[in-house]
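Below, chains carry the letters A, B, ... as their sequence lines are ordered, and counting in each starts from 1.
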Number of protein chains: 2
Amino acid sequence: MSDDSVVAELTELVMRVARRLQFDFHAAAAELDLPPAQALALSELGESAPMRELAVRLGCDASNVTGIVDGLERRGLVTRRPDPSDRRVKHLVLTEEGERKRETLRSRSHAKAAELFELPHGDDVRLRDLLAQVKTCR
Amino acid sequence: MSDDSVVAELTELVMRVARRLQFDFHAAAAELDLPPAQALALSELGESAPMRELAVRLGCDASNVTGIVDGLERRGLVTRRPDPSDRRVKHLVLTEEGERKRETLRSRSHAKAAELFELPHGDDVRLRDLLAQVKTCR
DNA sequence: GCCGATGGTTGAGAACCTCAAATGTTGTGG
DNA sequence: CCACAACATTTGAGGTTCTCAACCATCGGC
């Protein structure tokens, strides 16, 4: 059983770090002229996937994904490919340009994150292992 | 200098925990029939403050705060009190009802967070101390 | 008293999300 | 085989939250 104030501080700290990570990610996305939602979707498309799967990865409604992918397709970053064995599903595949943008997005936001998580030797691993113990799904 | 993969994992983990905290907070807010933004503002009003100060605490534009406070005022949770020494500023003061709602909101979301951060003895404090070292503002 | 800075509000506009309903497709039990 | 439930995707309406630019009132220094 944790001390009350410790829980409050943990909440505060996690939210603060998350806001910062998100801010940096949005900044990196803006540099590439991508709205946040599209950038997030792009970064989830390392493995190509059907729309439904993307909705799951993003944790949002499927109807939402349509618009986001519309945007990515308009920019020529992704294509909808019909599934040969099931004509309902459309697979999302990154174009070369999409692959390229995904990579620079990844590396830029990663660079800022690395700066953020610059800790005394070994502490980064300790932090990771402790965070991994947090039961994010009961 | 951290290992690349460690940074990626840290980012992933922090975002995951933050999403969960936020989800629980929104759920607690919904139980009290409060939209998320109003709930967040309410929770920042432990100390009464002028509009401008609230905007800073929330990290958003001042014009945004107007609407949020309008909502809280409509529900009778907060009142705008003129500052006697500066007629431009309006201090936000919680009503009794506002105070009550703020407290139950705090305690409910806190309970869920405590469950989340249930770690082996001492690890919660270690986690807090490590997170506190993350340089969220360069 | 003038003037630049400040607190607050308003209105337009955008991004993002959800829900309900529609469409086309699949697969299964009868 | 066929009706029917389930599924993937899209569309459209509607809501929340946010920003930006413009505006008014007030303040403080010069």
Side-chain angles (χ1 to χ4, degrees), chain A residues 15 18-19 22-23 25-45 48-75 78-93, chain B residues 15 18-19 22-23 25-30 32-45 48-75 77-93:
Chain A
M15 292 310 288
R19 262 192 300 271
Q22 204 170 37
F23 179 87
F25 183 78
H26 287 186
E31 285 175 23
L32 296 177
D33 196 37
L34 283 175
Q38 285 179 36
L40 200 55
L42 189 63
S43 71
E44 291 290 353
L45 282 176
S48 88
M51 307 276 295
R52 193 77 227 305
E53 168 66 16
L54 180 56
V56 171
R57 291 187 197 169
L58 294 176
C60 71
D61 195 274
S63 68
N64 195 7
V65 177
T66 300
I68 295 174
V69 172
D70 283 350
L72 289 173
E73 206 171 27
R74 214 176 307 119
R75 288 163 205 261
V78 83
T79 60
R80 286 159 150 110
R81 307 273 231 109
D83 181 322
S85 72
D86 185 340
R87 279 184 296 179
R88 288 173 303 178
V89 354
K90 296 174 186 166
H91 291 276
L92 303 173
V93 194
Chain B
M15 291 310 287
R19 261 193 299 273
Q22 203 170 38
F23 179 86
F25 183 79
H26 288 185
L32 296 177
D33 196 37
L34 284 176
Q38 286 180 34
L40 201 54
L42 189 63
S43 72
E44 292 289 354
L45 283 176
S48 88
M51 307 275 298
R52 193 76 227 304
E53 167 66 16
L54 181 55
V56 172
R57 291 188 197 168
L58 294 176
C60 72
D61 194 275
S63 69
N64 195 7
V65 177
T66 300
I68 296 174
V69 171
D70 282 351
L72 289 174
E73 206 171 25
R74 213 176 306 120
R75 289 164 205 261
L77 304 179
V78 82
T79 60
R80 283 180 232 237
R81 305 273 230 110
D83 181 322
S85 73
D86 184 340
R87 279 185 297 179
R88 288 174 303 178
V89 357
K90 297 173 185 168
H91 290 277
L92 303 173
V93 193

- In whole Å, what is the span from the CZ atom of A/Phe23 to the P atom of D/dT19? 11 Å
- With sequence neighbours left out, what residues match B/Ser63 under side-chain contact (heavy atoms from CB on, under 4.5 Å)? B/Asp61
- Here the gap from B/Met51 atom CE to B/Lys90 atom NZ, rounded to the nearest 0.5 Å, amounts to 7.0 Å
- Task: Please state how far atom CG in B/Leu54 lies from atom C1' in C/dT9, giving the value in whole angstrom units.
- Result: 15 Å
- Item | DNA chain D: 5'-proximal contact among A/Asp70 and A/Val89 (nearest heavy atom) | A/Val89
- Item | B/Arg80 side-chain N/O to C/dT9 phosphate OP1/OP2 under 4.0 Å | yes
- Query: Can you check the A/Glu53 CD to D/dA8 P distance for me, whole Å?
  - Reply: 11 Å
- Task: From the options B/Asn64, B/Val78, B/Val69, select the one residue that forms a side-chain contact (heavy atoms from CB on, under 4.5 Å) with B/Leu54.
- Result: B/Val69
- Report yes if some heavy atom in the side chain of B/Arg80 is under 4.5 Å from a heavy atom in the side chain of B/Leu92; otherwise report no. yes
- Task: Find the distance between CE (B/Met15) and CD (B/Gln22) and round it off to the nearest 0.5 Å.
- Result: 8.5 Å
- Task: Check the distance between C/dG8's P and B/Arg81's CZ and give it to me in whole angstrom.
- Result: 15 Å
Listed pairs, N/O of protein and of nucleotides 22-27 of chain C, under 3.5 Å:
residue : atom : partner : partner atom : Å
C/dT26  : OP1  : A/Arg87 : N            : 3.1

Review item, side-chain donor-acceptor pairs of residues 33-44 of chain A, under 3.5 Å, at least two apart:
residue : atom : partner : partner atom : Å
A/Gln38 : OE1  : A/Arg75 : NE           : 2.9
A/Ser43 : OG   : A/Leu40 : O            : 2.7

- Query: Of all heavy-atom pairs between A/Val89 and A/His91, which one has the smallest distance, and what is that distance?
  - Reply: CG2-NE2, 3.8 Å
- Kindly give the heavy-atom pair with the smallest separation between A/Arg81 and A/Val93, and that separation in Å. CG-CG2, 3.4 Å
- Note on the structure: Whole-Å distance, B/Arg52 CZ to D/dC27 C1', equals 15 Å
- D/dC24 P sits how many Å from B/Lys90 NZ, rounded? 15 Å
- What are the two closest heavy atoms between A/Ala55 and A/Ala62, and how far apart are they? CB-CA, 3.9 Å
Identify the pairs formed between an N or O of the protein and an N or O of nucleotides 14-18 of chain C at a distance under 3.5 Å, and give each distance.
residue : atom : partner : partner atom : Å
C/dC16  : OP1  : A/Pro36 : N            : 3.3
C/dC16  : OP1  : A/Ala37 : N            : 3.0
C/dC17  : OP2  : A/Asn64 : ND2          : 3.1
C/dC17  : O5'  : A/Asn64 : ND2          : 2.9
C/dT18  : OP2  : A/Asp61 : N            : 2.9

- Under the side-chain hydrogen bond (donor to acceptor under 3.5 Å, both in side chains) rule, what pairs show up with a residue in residues 48-58 of chain A, not counting sequence neighbours? A/Glu53-A/Arg57
- Note on the structure: Axis-to-axis angle for the helix from C/dG1-D/dC30 to C/dG30-D/dC1, ends of five pairs each, to 10°, equals 10°
- Task: Starting at CG of A/Leu45, measure out to CG of A/Leu72 and round the result to the nearest 0.5 Å.
- Result: 7.5 Å
